[in-house]
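Labels below follow one simple rule: chain letters A, B, ... track the order of the sequence lines, proteins then strands, and each chain is numbered from 1.
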2 protein chains.
Amino acid sequence: MKILHHPHREDIQLSSVLHALSDPVRLQIISDIAAGGEQPCNNFDVPIAKSTLTHHIRTLREAGVIQVRVQGTQHIIALRSEDLNTCFPGLLSAILNVGKNTNK
Amino acid sequence: MKILHHPHREDIQLSSVLHALSDPVRLQIISDIAAGGEQPCNNFDVPIAKSTLTHHIRTLREAGVIQVRVQGTQHIIALRSEDLNTCFPGLLSAILNVGKNTNK
DNA sequence: ATTGTTGTACTAATATCATAGAACATTAGA
DNA sequence: TCTAATGTTCTATGATATTAGTACAACAAT
């Protein structure tokens, strides 16, 4: 089985996190996770190809924004809220609160 | 004289702002402005060519992060704190606070 | 076993970005 | 007017990012 690399908390970079979140599709994804808790990839209602979704998921994972856990055929995605709040207090909630009004 | 376009407050996009701030050089720039108030471009202590700095300043300006004002031969750069705090409450301070510890 | 689901890997096309050298424009000041 | 200071524009280049098509592997359900 393939090993999915996740950065350690202390290796999470602000610029990488901001870049990972600077895409509307990825903002949508983390917004969905934040609202509905951890969930498999196929739950996300984004108008893109599967391979493209994989790319975005990987981008978020490698930046340290999400945690990916394998469960059968599914990959369960969870937000690394605790790590993010420790590294960048207030950042995640500030971004997620924006989505509640007019996202994009 | 050249007209410098700035987006209106209501046209500022979260993804664009996050992208503008996802570069170490640009994080440095806004960190400097936040700490020392508005200042001309040549004040920034970044190891890049003038043309590159112009590119970064434009990226920040077009995303709605900074306000550029011409004063003689100088371009004075200011943070659009009020607009950003209105559009994305808490975002700017969360990002700037990170820089106070370990930036990059 | 067969079939369908789920997601990755590989590959490729296209687009965007960061960087900087050179030339140019504008302004201030001597 | 001449010169220095300040930035922009033009252009080019190498690096990444985005997107998707195809194939493949792991698993579930029948």
> Determine: side-chain N/O of B:T52 to OP1/OP2 of C:dA18, distance under 4.0 Å, yes or no.
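No.
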> Within this structure, what is the CG-to-C1' distance between A:D23 and D:dT16, rounded to whole angstrom?
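For the pair A:D23 CG and D:dT16 C1', the rounded distance is 14 Å.
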> Is the CG atom of B:D45 crowded by more than 12 outside heavy atoms at less than 6.0 Å?
no
> Any chance CD of A:E82 has more than 12 other-residue heavy atoms, nucleotides or ligands included, within less than 6.0 Å?
no
> From C-beta outward on A:P40, which listed nucleotide comes closest to its side chain: C:dG7, D:dA5, C:dT6?
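Between C:dG7, D:dA5, C:dT6, the one nearest the side chain of A:P40 would be C:dG7.
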> Which value, rounded to the nearest 0.5 Å, describes the distance between B:Q67 atom CD and B:E38 atom CD?
9.5 Å
> Provide, to the nearest angstrom, the distance between the CD1 atom belonging to A:I48 and the P atom belonging to C:dT6.
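My rounded result for the distance is 16 Å.
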> Between B:Q74 and A:H19, just flag the one whose closest nucleotide in DNA chain D comes earlier from the 5' side.
B:Q74
> Is the phosphate of C:dT6, meaning OP1 or OP2, less than 4.0 Å from a side-chain N or O of A:H75?
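Result: no.
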> Would you give the length of the straight line joining atom CG of B:L79 to atom CG of B:L92, rounded to the nearest 0.5 angstrom?
5.0 Å
> Spell out yes or no: do the side chain of A:S51 and the base of D:dA20 have one donor N/O and one acceptor N/O closer than 3.5 Å?
yes
> Rounded to whole Å, please give me the gap between NE2 in B:H56 and C1' in C:dT19.
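Result: 8 Å.
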> Measure CD1/A:I57 against P/C:dT6 and give the value in whole Å, please.
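Roughly 14 Å, once rounded to whole Å.
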> Could you tell me the separation between the CZ atom of B:R69 and the C1' atom of C:dT26, rounded to a whole number of Å?
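Roughly 17 Å, once rounded to whole Å.
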> Taking only the side-chain nitrogens and oxygens of A:T54, find out if one of them lies under 4.0 Å from OP1 or OP2 of C:dT8.
yes
> Side-chain contact, heavy-atom cut-off 4.5 Å: A:I33 with A:F44?
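A:I33 reaches A:F44 side chain to side chain.
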> How close or far is atom C1' of C:dT8 from atom NE2 of A:H55, stated in whole angstroms?
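Result: 14 Å.
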> Find the distance A:N42:CG to D:dA28:C1' and express it as a whole number of Å.
14 Å
> Rounded to whole angstrom units, what separation is found between the CD atom of B:Q39 and the C1' atom of D:dG7?
16 Å
> Any side-chain N or O of B:R58 under 4.0 Å from OP1/OP2 of D:dG7?
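Answer is no, no contact under 4.0 Å.
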